[in-house]
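Shown next, in structure tokens, is the structure this report addresses.
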Number of protein chains: 2
Amino acid sequence: MAKAPRRGPYICGIDAALDVVSGKWKGLILWELQAHGVRRFAELRRGLPGVSEKMLTQHLREMEEDGLVHREVYAEVPPRVEYSLTEDGRTLNEALSSLGAWGTDRMRREGLRTVEVAGTVEVPASMGG
Amino acid sequence: MAKAPRRGPYICGIDAALDVVSGKWKGLILWELQAHGVRRFAELRRGLPGVSEKMLTQHLREMEEDGLVHREVYAEVPPRVEYSLTEDGRTLNEALSSLGAWGTDRMRREGLRTVEVAGTVEVPASMGG
DNA sequence: CAGTATCCCCCAAGATACTG
DNA sequence: CAGTATCTTGGGGGATACTG
């Protein structure tokens, strides 16, 4: 059911790091969580235009398994679950910031635009939007 | 035949950057090219344990398309083709270095090992391995 | 609200064979 | 040596329906 946590022995650090951020939405989840600190399931969903519930849950579970995301469940009615970054998630995010800057720069050079996200895109200072 | 060059509009720079390094071997190709400066097809192949000719060719073509890799063909017998990084490839590699350091650190903490590569792994100083 | 449970499709990635 | 061409497959990712 749960996927194999690790893909295999890694060849280098890049390989290992890319493994935990691979997945269509993981970079964005990190970004959302970094920007807002704490997010609920539905908020995350709204922030990731196009993601399905299954994929969001699946990615969140894998990232929890990988120690990047903390999942806090409140025994309330209606149910409430809050997601936030762990220390590892935060340092990963920092390590991703230069990559994000490279990507932003490249989009600018290539004349590419970001997609419009309902409710305005919010960009953490560390990532430069 | 050739794949669509771009996956679509990006949500942020991370998204855009991750797009060009996604693919099982791209990080490693960047790393090999950074370490050696110039590599021939067969050398690259030996440096990427387990890669098939098809995948190597395919990834190389995509990276050329993305402006990360330069392909120099010499009209000789036997044929010779040399691959090297473009300026964009070099800056991407630099942007990946902090991610690589994070990955290396994580492997250390988790007690993971790198796979053994025949002929000893060579690690560029910028990536710390 | 915050998920599971299923079913299905597509394509990245692998194996194998052939060529300029 | 440095590739192409073709066939196959595993599982990532999506759609939809149901539940505590």
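Letters A, B, ... mirror the listed sequences (proteins, then strands); counts begin at 1.
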- Query: So what does A:R45 touch, heavy atoms closer than 4.0 Å: a base, only the sugar-phosphate, or nothing?
  - Reply: nothing
A:K26 NZ to D:dG13 C1', in whole Å, measures 13 Å
Rounded to whole Å, CD of A:E82 lies from P of C:dA2 at a distance of 9 Å
Paired with A:E32, the salt bridge (Lys or Arg N to Asp or Glu O under 4.0 Å) test is passed by just one of A:R40, A:R39, A:K26, A:R45, namely A:R39
From CD of A:E53 across to C1' of D:dA15 the rounded distance in Å is 11 Å
Of A:R61 and A:P79, the one whose closest nucleotide on DNA chain C sits nearer the 5' end is A:P79
pair_partner(C:dG20), Watson-Crick or wobble, both distances < 3.5 Å, evaluates to D:dC1
Original post:
Just by distance, do the side chain of A:R90 and the backbone of A:L85 share a donor-acceptor pair under 3.5 Å?
Top reply: yes
From CZ of B:R71 across to P of D:dC1 the rounded distance in Å is 16 Å
For C:dC11, the nucleotide meeting Watson-Crick or G-U wobble distances (both under 3.5 Å) is D:dG10
In whole angstroms, the gap separating C1' of C:dA12 from CD of B:Q58 amounts to 7 Å
message = A side-chain contact here means heavy atoms from C-beta on lying under 4.5 Å apart; do B:Y74 and B:P79 qualify?
response = no
note: A:L56, atom CG; D:dA15, atom C1'; distance rounded to Å ~ 16 Å
Respond yes when some side-chain nitrogen or oxygen of B:W25 is under 4.0 Å from OP1 or OP2 of C:dG14, and no when none is. yes
Between B:R80 and A:M55, the residue closer to the 5' end of DNA chain D by nearest nucleotide is B:R80
* Asked: When all nucleic acid strands are considered with a 4.0 Å heavy-atom cut-off, which category describes B:Y83: base, sugar-phosphate, or nothing?
  -> sugar-phosphate
Taken to the nearest whole Å, CD1/B:I29 to P/C:dA13 is 11 Å
Are B:R40 and D:dA2 close enough that a side-chain N or O sits under 4.0 Å from OP1 or OP2?
-> yes
Taken to the nearest whole Å, CD/A:E72 to C1'/C:dC1 is 17 Å
Testing D:dA15, D:dA2, C:dG14 for proximity to the side chain of B:K54, the answer is C:dG14
Close side-chain approach of A:W25 and A:L56, heavy atoms under 4.5 Å:
no
| message | Is there a continuous path of hydrophobic side-chain contacts, each under 4.5 Å between heavy atoms, that joins A:V81 to A:V77? | response | no
By nearest-nucleotide position on DNA chain C, the 5'-leaning member of B:H59 and A:V81 is A:V81
